[in-house]
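In what follows, a structure is listed as structure tokens, so that the remarks can point back to it.
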Amino acid sequence: MTRVELLFQRLVVAARSLSRRGPAGDLDRFLGGVLWLLHTGAPWRDLPQRFGSWNAVFRRFLRWALSGRWERVLSQVRREVDGADVLMLDSTVVHAHPDAAGAHRGEADSEALGRSRGGFTTKVHAVVSASGRGLTFALTPGQHGDVTQAIPLLGSVPTPLAVLGDRADDADALLAWWSVHDVAAVIPARRNRRVPRPLDRSMYAMRNVIERFFGRWKRWRRVGTRSDKTAAS
């Protein structure tokens, strides 16, 4: 079974547990259409007819996004996550397609769109388990720093024993928060620190897991290059 097929099965089971309305085949077709679109990066109007009317699928997708249904479905899927004693924190920047512009004139920040060295971008901040599964994420404009989302993200998941991050997360406020919650910070010290912290390099080597997570994530073309106007979508 491929990774996409496994993801589809988990989404279907989670979605059915949250909704008893409509025939099962209708839900399968809807989720299949959304996954096809995310994987291929195609515009909504190019959705194959076997998934139903593109407009009906789009409007249902948008209703789920605005009502928080997708978050509830993903929360059900995340219950299977293992290896949460060690978490990894990082971010990645994705280029925004020109179609993503113009949702609310003058409110780009609220839609997580900004300008960075990469151009017109969105930054995705994520927390990933040691087994390589995404636990939670947040969107900001591309120029925002990593440390701005660290505490809100980690506060939304069970407290781990250790967190792996990079130098962008070496901030006094974040280190103090971890100290209060008795979490070991496996983070390289900034070069301008007068007293560098010791680093467990064998554990820090595990950070390749979150890098590979982002690599898999960006294979979903419609997400790897942002095509949607709103942050909710």
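The shown structure was predicted, so the numbers you read here are calculated from the model rather than taken from an experiment.
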| Just wondering, more than 12 heavy atoms not from Asp182 lying within 6.0 Å of its CG? | no
| Say you draw a straight line from OG1 of Thr122 to NE2 of His144; how long is it, rounded to the nearest 0.5 Å? | 11.0 Å
| field | Ion pair Asp172/Arg193, N-O distance below 4.0 Å | value | yes
| task | Keeping the roles fixed (side chain from Thr148, backbone from Gly145), state whether a donor-acceptor pair exists under 3.5 Å. | result | yes
| task | Would you kindly confirm whether Leu66 and Phe61 end up in one hydrophobic cluster when ILVMFWY residues are joined by side chain heavy atoms under 4.5 Å apart? | result | yes
| said: Is it the case that the side chain of Arg167 and the backbone of Ala189 share a donor-acceptor pair, with hydrogens and angles ignored and the cut-off at 3.5 Å? | reply: yes
| In Å, rounded to the nearest 0.5 Å, how long is the span from CH2 of Trp217 to OG1 of Thr92? | 7.0 Å
| If you group Ile, Leu, Val, Met, Phe, Trp and Tyr by side-chain heavy-atom gaps below 4.5 Å, do Val13 and Phe30 land in one group? | no
| query | Is there side-chain contact between Glu71 and Leu74, with at least one heavy-atom pair below 4.5 Å? | reply | no
| remark: Leu87 and Ser129 have their tightest heavy-atom pair at CD2-CA, 4.0 Å
| request: For the pair Arg16 (side chain) and Leu27 (backbone), establish whether a donor and an acceptor sit closer than 3.5 Å, ignoring hydrogens and angles. | output: no
| remark: Gly165 and Pro188 have their tightest heavy-atom pair at O-CD, 3.5 Å
| task | Locate the shortest heavy-atom distance separating Ala231 from Arg226; write the atom from each residue and the value. | result | N-NH2, 3.5 Å
| task | Would you kindly confirm whether Leu135 and Leu161 end up in one hydrophobic cluster when ILVMFWY residues are joined by side chain heavy atoms under 4.5 Å apart? | result | no
| task | Mind checking ring-ring contact (aromatic ring centres under 6.0 Å, His included) for His97 and listing every partner two or more places apart, or none if nothing turns up? | result | none
| message | Using side-chain heavy atoms (C-beta onward) and a distance below 4.5 Å, is Arg222 in contact with Asp228? | response | yes
| Test log, rule side-chain contact (heavy atoms from CB on, under 4.5 Å), inputs Arg63 and Arg69 | CA-CA 8 Å; Arg63 287 197 305 271; Arg69 176 70 65 84; over 6 Å; no
| message | Let me confirm one number: the OG1-CH2 distance from Thr159 to Trp178, rounded to the nearest 0.5 Å. | response | 12.0 Å
| field | pair Val163-Asp169: side-chain heavy atoms closer than 4.5 Å | value | no
| said: side-chain hydrogen bond (donor to acceptor under 3.5 Å, both in side chains), that's the test. Do Asp200 and Ser202 meet it? Break it down for me. | reply: CA-CA 6 Å; Asp200 185 340; Ser202 61; 2.7 Å; yes
| message | Is it the case that the side chain of Gln143 and the backbone of Arg115 share a donor-acceptor pair, with hydrogens and angles ignored and the cut-off at 3.5 Å? | response | yes
| task | Keeping the roles fixed (side chain from Arg190, backbone from Asp170), state whether a donor-acceptor pair exists under 3.5 Å. | result | yes
| field | Distance-minimising heavy-atom pair for Val209 and Ser131 | value | CG1-C, 4.5 Å
| query | For the residue pair Ala232 and Ala65, what are the closest heavy atoms and their distance? | reply | O-CB, 3.6 Å
| said: To check you understand the geometry: which heavy-atom pair defines the closest contact between Thr40 and Arg221, and what is its length? | reply: O-CD, 3.5 Å
| message | I want to know whether Trp64 and Trp70 have ring centres closer than 6.0 Å. | response | yes
| request: Can you tell me which residue pairs pass the salt bridge (charged side-chain N to carboxylate O under 4.0 Å, His left out) test with a partner in residues 144-154, sequence neighbours excluded? | output: Lys123-Asp146
| field | Within-4.5 Å side-chain heavy-atom neighbours: Val93 and Arg117 | value | no
| task | Give a yes or no answer on whether the side chain of Arg216 reaches the backbone of Gly132 with a donor-acceptor pair at less than 3.5 Å. | result | yes
| query | Does Phe214 CZ have over 12 foreign heavy atoms under 6.0 Å away? | reply | yes
| task | Would you mind reporting whether Leu35 and Trp220 have side-chain heavy atoms less than 4.5 Å apart? | result | yes
| said: Is any side-chain heavy atom of Arg197 closer than 4.5 Å to one of Leu175? | reply: yes
| note | To the nearest 0.5 Å, atom CG of Leu174 lies from atom CG of Leu154 at 7.0 Å
| Does the side chain of Leu31 reach to within under 4.5 Å of the side chain of Phe51, using non-hydrogen atoms? | no
| query | Can you tell me how far CG of Asp90 sits from CD of Glu211, rounded to the nearest 0.5 angstrom? | reply | 5.0 Å
| field | Atom pair CZ/OG of Arg72 and Ser17 - distance to nearest 0.5 Å | value | 11.0 Å
| Do the rings of Phe58 and Trp44 sit parallel, tilted or perpendicular, given the 30° and 60° boundaries? | perpendicular
